[in-house]
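Here's the structure we're looking at; comments come further down.
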There are 2 protein chains.
Amino acid sequence: MPVPLYQVKAEFFRMLGHPVRIRVLELLGEGPKPVRELLADTGVEASSLSQQLAVLRRAGIVTSEREGSTVTYALAGPDVADLMRAARRILTEMLAGQAELLDELRESDTAAAGK
Amino acid sequence: MPVPLYQVKAEFFRMLGHPVRIRVLELLGEGPKPVRELLADTGVEASSLSQQLAVLRRAGIVTSEREGSTVTYALAGPDVADLMRAARRILTEMLAGQAELLDELRESDTAAAGK
DNA sequence: TGAGTAATTGAATAATTCTTCAAGTCACTC
DNA sequence: GAGTGACTTGAAGAATTATTCAATTACTCA
């Protein structure tokens, strides 16, 4: 009995659904990076970062390699970067749509926009 | 103070991270559908479906319209279908990669694959 | 108006996921 | 082999999210 595909997809998306994990994936999109650097770029605490890296590793979306005393992470494949690009495009378009909507609303309601 | 983009992205992905929501989005990818049909196609209980539809509505990713006694849902924009396609592609490639890996493992370990 | 169908909502409990901190491993250097 | 820096792990409590059931709204039709 195979796990249904929509379930796999849901797990995949859920795995992406965390700010730190997103940032890490985007940073790794530029190329492999040692933990030290991820730590500096994200500003989160070492053990928090490690927890999130573990999630990404378990999902098989990143790989880690130890060289001496430092550990370097990389995207497991080029597809991930593709997905992040797709997501970026979609979100910008969606946010732009919402901005337009807001503008339209403002036109008919110039004074009372309290919040 | 703008909400950082990586946070918006994370929320977006988390919103996608549920089996029923994924199925609904894929069904709506074929075109607008009345709730009755979503209900039949997914097999989930009415109120569960409604809860998930509400999540998608709040996120602005689908729209609903009432015509008489039935309510019809549709994707809010074409971008969503794009994203689902991107995700499908990526997942198939990732799963294929894992399958290869499994094959490699099997070669050196033909007898003991108990689970 | 009253009964019936379609869909949604509210709210309580259950389940998952996050965050944090203490402790642990691994490699290097003294 | 003790000490230190780099990173990871385990585990407990806090916070979010899912599931479920009862109640409700929005209609239709007789």
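Bear in mind that the values here come from a model prediction, so they are computed numbers and not experimental data. Chain letters run A, B, ... following the sequence lines, proteins first, then strands; residues in each count from 1.
Considering CG of B/L53 and OG of B/S48, their distance stands at 10.5 Å, rounded to 0.5 Å.
Heavy-atom distances under 4.0 Å link DNA chain C to B/A46, B/S47, B/S50, B/Q51, B/L53 of residues 41-56 of chain B, given in residue order. Taking every heavy atom of residues 21-28 of chain A and every atom of DNA chain D, no pair lies under 4.0 Å.
With hydrogens and angles ignored, the 3.5 Å screen pairs a side-chain donor or acceptor of B/T42 with a backbone N or O of B/L38. A donor-acceptor pair is defined here as one N or O able to donate and one able to accept, closer than 3.5 Å; such a pair exists between the side chain of B/R21 and the backbone of B/M15. Side chain of B/R14 to backbone of B/L16: no donor-acceptor contact under 3.5 angstrom is found.
Between the CG atom of A/L16 and the C1' atom of C/dT17 there is a distance of 15 Å, given to the nearest Å. Going from atom CZ of B/R36 over to atom C1' of D/dT28 covers 14 Å, rounded to whole Å. Atom NZ in A/K33 sits about 18 Å away from atom C1' in D/dC7, given to the nearest Å. Between A/E37 atom CD and D/dC7 atom C1' the separation is 16 Å, expressed in whole Å. In this entry the distance linking CD of A/E11 with C1' of C/dT17 reads 14 Å, nearest Å. In this structure, the CZ atom of B/R58 is 13 Å from the C1' atom of D/dT16, given to the nearest Å. Separating the CZ atom of A/R57 from the P atom of D/dC7 is a distance of 12 Å, rounded to the nearest angstrom. Whole-Å rounding puts the A/E65 CD to D/dA6 C1' distance at 16 Å.
Side-chain nitrogen and oxygen atoms of A/Y73 include none within less than 4.0 Å of the OP1 or OP2 phosphate oxygen of D/dA6. Side-chain N/O atoms of A/R14 include none lying less than 4.0 angstrom from OP1 or OP2 on C/dC18.
Looking at every heavy atom in both residues, A/V71 comes nearest to A/S64 through CG1-CB, 4.0 Å. Across every non-hydrogen atom of B/L39 and B/R36, the tightest pair is CB-O, 3.2 Å. Of all heavy-atom pairs between A/P19 and B/Y6, the closest is CB-CD1, 3.8 Å. Across every non-hydrogen atom of A/G60 and A/A76, the tightest pair is O-CB, 3.3 Å. The shortest non-hydrogen separation linking A/S50 to A/R57 is O-NH2, 4.4 Å.
Crowding of B/R88 atom CZ: a count of heavy atoms from other residues, nucleotides or ligands under 6.0 Å not exceeding 12. More than 12 non-hydrogen atoms from other residues, nucleotides or ligands lie less than 6.0 angstrom from CD of A/E37.
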For nucleotides 24-29 of chain C, list the nitrogen or oxygen atoms of the protein found under 3.5 Å from its nitrogen or oxygen atoms, one pair per line.
none

